[in-house]
Number of protein chains: 2
Amino acid sequence: MDTNVPNSPMNENLREAQDRFVAVWGQMAGAWGISRTMAEVHALLYISGQALCTDDIMERLQISRGNASMSLRALLDWNIVSRVTKRGDRKEYFEAEQDVWALFRAIVRERMNREVDPLLASLYEIRDMTAKAEKGKGEDASAQQRERIDNMVAFFETLEKLSQRFVSPSGKGLQLAATMLSKFPDLGFGAKEEAR
Amino acid sequence: MDTNVPNSPMNENLREAQDRFVAVWGQMAGAWGISRTMAEVHALLYISGQALCTDDIMERLQISRGNASMSLRALLDWNIVSRVTKRGDRKEYFEAEQDVWALFRAIVRERMNREVDPLLASLYEIRDMTAKAEKGKGEDASAQQRERIDNMVAFFETLEKLSQRFVSPSGKGLQLAATMLSKFPDLGFGAKEEAR
DNA sequence: TATGATTTTCAGAAATGATTGAAAGAAAAA
DNA sequence: TTTTTCTTTCAATCATTTCTGAAAATCATA
């Protein structure tokens, strides 16, 4: 049986543009820390602006059912795609978050949890190990090494705190600030030094 | 012949801490968009705080000469490791940037150049393709699609501008702001909403 | 409960990415 | 120039990740 293809005979240019968007977004997959297909599925859902079912996605991206299923599941885990049910239709449909800033807040949140939090935990342990060494011989080397780790720790703690503000409800305040800051280069933060 | 191993008999705890740091940093490689070995080499140079030669690195990380050479070259390209020559010694030595904020400014600069700039260029083209489609039939779908691309473009343009401030000489202003902001949660940017 | 539509799982296949090691290249010293 | 030391390159190999497809599981409905 034929799968539901919304707005079936799509404008040619439009579809070509979508294909390019999917390809380009797929190339960025590495940057978001996800697989290429996962990024492509997300790109398709985002750019089409519609809820699509697994078969739509398989057909459009020419991927297997297994791949589609796993990619969608992963996107749900990342909270950037959500399930949609249509009454009178047993299939599951999927749609992408359409607010770009919300999308990136979700990505930041997820990556902080998955990558930075465990890193910080390890850094604390490593700092302790180094601190222990300070009792024995080679105290100088130890103290210097601990300082280097401290600098790392301080950086990631700042990143952590900043990201918490970014992903929180008030993150929209930070979003506004970012937009203003990018639009008016003369606002605060040492813009004058830059002008020299 | 034996290669130069500075401070030869290193405190055991110290070395173990270094090894863990190298391992942990290597696992983060994906996050910085570089290969595991590259990250490990960088980690070793950073945590040791010394200039090391290729043989030191090969021996400590148990990697081949070719791998060491290519990883070092890539780190030089990223501007986070620099060459050092020692008078009376023919070998090249390498040392890592020790200022953590400078390190991350370099990473941001590099990733913006390699990833975001080409992405934006493609997005402009894709937007044009979509805009062309607006003349023909299905004008609604086209206009909506163009809007979605515009939102993406606006986001990345903001990111671009922000990063330019961050990596510029006055980036240190932004660094200071970030540190302050993380230390005093009640400063600006809608902190009150957050408190509810 | 039995049926049929839909989704998930996972072992093996395919694709991609990283690493080695030996040979060629480069550059200082003899 | 020749020798010696050190560095780079790259085809072949190895390791890891991703993808497929068919079987098993799930789940609504009759």
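All values reported here derive from a predicted model rather than from experimental measurement. Chain A is the first sequence line, chain B the second, and so forth, proteins listed ahead of strands; every chain is numbered from 1.
Along DNA chain D, the nucleotide nearest A:Arg90 and the nucleotide nearest A:Arg65 are compared for position; the residue whose nucleotide lies closer to the 5' end is A:Arg65.
Atom CG of A:Asn67 is separated from atom C1' of C:dA14 by 12 Å (rounded to the nearest Å). One atom, NZ of B:Lys91, and another, C1' of C:dA26, lie 17 Å apart when rounded to the nearest Å. Separating the CE atom of A:Met38 from the C1' atom of D:dT17 is a distance of 14 Å, rounded to the nearest angstrom. At whole-Å resolution of the value, OH in A:Tyr93 and C1' in C:dT7 are 14 Å apart. As rounded to whole Å, 16 Å separates atom C1' of D:dC6 from atom NZ of B:Lys86. As a whole-Å value, the separation of A:Glu92 CD from D:dT26 C1' is 11 Å. B:Gln62 has its CD atom 11 Å from the P atom of C:dG21, to the nearest Å. Summarising the geometry, the separation between CG on A:Asp89 and P on D:dC27 is reported as 17 Å, rounded to the nearest angstrom.
Side-chain polar atoms of B:Ser35 and B:Thr37 form no donor-acceptor pair below 3.5 angstrom.
Using a 4.0 Å cut-off, some side-chain N or O of B:Ser69 falls inside it from OP1 or OP2 of D:dT8. Here A:Thr37 reaches the OP1 or OP2 of D:dC19: one of its side-chain N or O atoms lies under 4.0 Å away.
Note on B:Arg73: only backbone sugar-phosphate atoms sit closer than 4.0 angstrom, heavy atoms only; bases stay farther off. Within 4.0 Å of B:Arg36, counting heavy atoms only, lie sugar-phosphate atoms of the nucleic acid but no base atom. Residue A:Ser35 is in sugar-phosphate contact alone, with no base atom involved, counting any heavy-atom pair closer than 4.0 Å across all strands shown.
A centroid separation of less than 6.0 Å is found between the aromatic rings of A:Phe156 and B:Phe104.
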### Message
If you apply the rule salt bridge (charged side-chain N to carboxylate O under 4.0 Å, His left out), what do you find for B:Lys161 with B:Glu157, and how did you get there?
### Response
CA-CA 6 Å; B:Lys161 294 251 178 63; B:Glu157 280 176 348; 5.8 Å; no

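Here C:dC10 is the nucleotide among C:dT8, D:dC6, C:dC10 with the atom lying nearest to any side-chain atom of A:Met70. Closest approach to the B:Ser64 side chain among D:dT8, C:dG21, C:dT8 is made by C:dG21 (side chain taken as heavy atoms from C-beta onward).
Of the residues listed (A:Met112, A:Arg109, A:Arg111), the one engaging A:Ser163 in a side chain to side chain contact (heavy atoms under 4.5 Å, CB included) is A:Met112, and it is the only one.
When the shell of 6.0 Å around CD of B:Glu160 is examined, it contains more than 12 heavy atoms from other residues, nucleotides or ligands.
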